[in-house]
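Notes follow the structure.
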Protein chains: 2
Amino acid sequence: MTLAEKAYVSLRKDIVEGRFAPESPLRLADLSERYGMGFSPLREALNRLQAERLVTAESLRGFRVSARSPSEFEDALQARLLIETEALRLSILKGDDTWEASIVAALYALRRQTGRSDGDVDELKARHHAFHRALLAACGSDWLLDFFERLYAATERYRIPALLAAGPQKRDIDAEHGAIADAVLARDAPLAERLLRDHYLRTAGTIRSGMAPA
Amino acid sequence: MTLAEKAYVSLRKDIVEGRFAPESPLRLADLSERYGMGFSPLREALNRLQAERLVTAESLRGFRVSARSPSEFEDALQARLLIETEALRLSILKGDDTWEASIVAALYALRRQTGRSDGDVDELKARHHAFHRALLAACGSDWLLDFFERLYAATERYRIPALLAAGPQKRDIDAEHGAIADAVLARDAPLAERLLRDHYLRTAGTIRSGMAPA
DNA sequence: TCAACAAGGATTTTCGAAAATTCTGGAATT
DNA sequence: AATTCCAGAATTTTCGAAAATCCTTGTTGA
């Protein structure tokens, strides 16, 4: 892996997980020290992230972490619902039993992690992401999967700080995931779409209550 | 405008318009000579284009123009229909009369250009793009507009060579655009969506017949 | 007091060369 | 004849410094 790729992965993770405040400038000298590399690989990573809308750039004024706002969150949420319900519908239509097996596996792995008290949050997030990706993986559209990844990263920036602010959950998230998986495995597309939509809308509610009002 | 931005604009245009063959390597020495700049701004542009899926990159093996294939075209087409019908629906729901005026203006400008025999193809393409963007501009979703731009560029790569191969058009494209604009201005969302969809499916038919079979 | 300006420092952007890796073609070996 | 190996060339990747631009701060002049 080249340094530019490492820079991309690290920066993306640090931005999505909120280790840089939104709108804070990303100065090359600072990043160079933080990640231990020169300007060139960092600039390449920042350009990629700019195309993904995680950072913004202004000519001769460098890069910033892109802003967060309630309206941008609502936008990303609506786009996600559009993309994911369609991708899920297509997956249910086209997926084979290997795909079904991968959902069962992803759900199992996710539940093992939520049930654990030692709480490796990184691992939990990775498995949560993997489960949702597995649902859509058979949709057959690279574009939809690409958009899914973009929007997942964009909304993850809101989810993490909001969950910390919102305190203990009343939801049984394992049960929600299980219900979605059941509907998918039963090839009941309308039900699966409705459950997925509700799942996201419920999360969105939690996020809204953890965010400053618009 | 910085050199990196110029490089991005030029490279994107040259790729979309097919001046580089798909899958051909984009060697830095060649690009440096072609565009008259050093490696740094070119690499930054290539990284942005990689995030947009117009070029592919492989570690230590540089960049290539991304491949074209019938299946990728069908994928992009379906994604476009999903994104654009939804964005159009939202635009009709939310647009004000300034938005209506911008559609009238864009349609007028487009027709002036199609009626011209001196045929500045670049200008025609720009106005065609501007018209389709104007239709969606009031949707209120930055994400949908972003996806629209991506998919427009992706499908434009197929449209241009196919039109040259397909020979003279039997369609009255001005009339199709006019009908879409009329439905939009009448705020008839279902009709506008149907007309837009038909418009793209007809273009897709032309493109398919100009492409080698899958 | 205030606006315009300028000098100096900070920062981004770009270049040219060095380092690292891949590719190519031919010699050596089986 | 086919395969492996290696040296040299080609190419990508990275660095460090130079160039260009922006920002700050203090000064001047009205």
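Chain naming here is simple, since letters A, B, ... match the order of the sequence lines and numbering starts at 1 in each. Predicted model only: the values in this text are computed from it and were never measured.
Within the 4.0 Å cut-off from OP1 or OP2 of C:dT13, at least one side-chain nitrogen or oxygen of A:R43 is found.
The CD atom of A:E44 sits 14 Å away from the P atom of C:dT13 (whole-angstrom rounding). In this entry the distance linking CG of A:L42 with C1' of D:dT13 reads 13 Å, nearest Å. Taking atom CG of A:L46 as the reference point, atom C1' of D:dT14 lies 16 Å away to the nearest angstrom. C:dC15 atom P lies 7 Å from atom CE of B:M37, rounded to whole Å. In this structure, B:M1 places its CE atom 13 Å from P of C:dT13, rounding to the nearest Å.
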Got a list of protein N/O to nucleotides 7-9 of chain C N/O distances below 3.5 Å?
none

Below 3.5 Å is the cut-off: list the nitrogen or oxygen pairs between protein and nucleotides 16-20 of chain D, distance only.
none

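Figure legend: B:R150 and A:W143 shown without cation-pi pairing, the cationic atom not lying both under 6.0 angstrom from the six-membered ring centre and within 45 degrees of its axis.
With A:Y8 as the partner, the side chain to side chain donor-acceptor pair (under 3.5 Å) test is satisfied by one option alone out of A:K6, A:R12, A:E5: A:R12.
With sequence neighbours excluded, the residues satisfying side chain to side chain contact (heavy atoms under 4.5 Å, CB included) with A:K94 are A:L90. Under the rule for a side chain to side chain contact (heavy atoms under 4.5 Å, CB included), the partners of B:Q78 that lie at least two apart in sequence or sit in another chain are B:L81. Under the rule for a ring pair (Phe, Tyr, Trp, His ring centres under 6.0 Å), the partners of A:Y152 that lie at least two apart in sequence or sit in another chain are A:H129, A:F148. Partners of A:A192 by side chain to side chain contact (heavy atoms under 4.5 Å, CB included), not counting sequence neighbours, listed by chain and number: A:L88, A:I92, A:A183, A:V184. For A:R61, the side chain to side chain contact (heavy atoms under 4.5 Å, CB included) partners at least two apart in sequence or on another chain are A:E58.
Counted by atom type alone, A:S10 and A:R34 present zero donor-acceptor pairs between their side chains at under 3.5 Å.
Between A:F147 and B:F147, the ring planes are parallel. Angles under 30° get that label, and only those over 60° would be called perpendicular. Note: A:H199 and A:H132 have parallel aromatic rings, judged against thresholds of 30 and 60 degrees for the angle between ring planes.
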- [ ] Quick one: do A:L54 and A:L11 satisfy side chain to side chain contact (heavy atoms under 4.5 Å, CB included)? Show the steps, please.
- [x] CA-CA 10 Å; A:L54 285 171; A:L11 265 170; over 6 Å; no
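Listed by residue number, there are no residues of residues 20-34 of chain A with a heavy-atom contact under 4.0 Å to DNA chain D. Residues from residues 54-66 of chain B with heavy atoms under 4.0 angstrom of DNA chain C, sorted by number: B:L60, B:R61. Annotation: proximity of residues 2-12 of chain B to DNA chain C (heavy atom, distance under 4.0 Å) is found for B:T2, B:L3, B:A4, numbered in ascending order.
Identified under the ring-ring contact (aromatic ring centres under 6.0 Å, His included) test for residues 45-103 of chain B, with sequence neighbours left out: B:F73-B:Y158.
You'll find the side chain of A:F39 stays beyond 4.5 Å of the side chain of A:E44, heavy atoms only. Side-chain atoms of B:R89 and B:T85, non-hydrogen and from C-beta on, never get closer than 4.5 Å to each other. For the pair A:S66 and A:R157, the minimum side-chain heavy-atom distance is below 4.5 Å.
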Cut-off 3.5 Å, no hydrogens considered: what does the side-chain donor-acceptor table look like for residues 22-33 of chain B, sequence neighbours left out?
residue : atom : partner : partner atom : Å
B:S24   : OG   : B:A21   : O            : 2.6
B:S32   : OG   : B:M37   : O            : 2.6

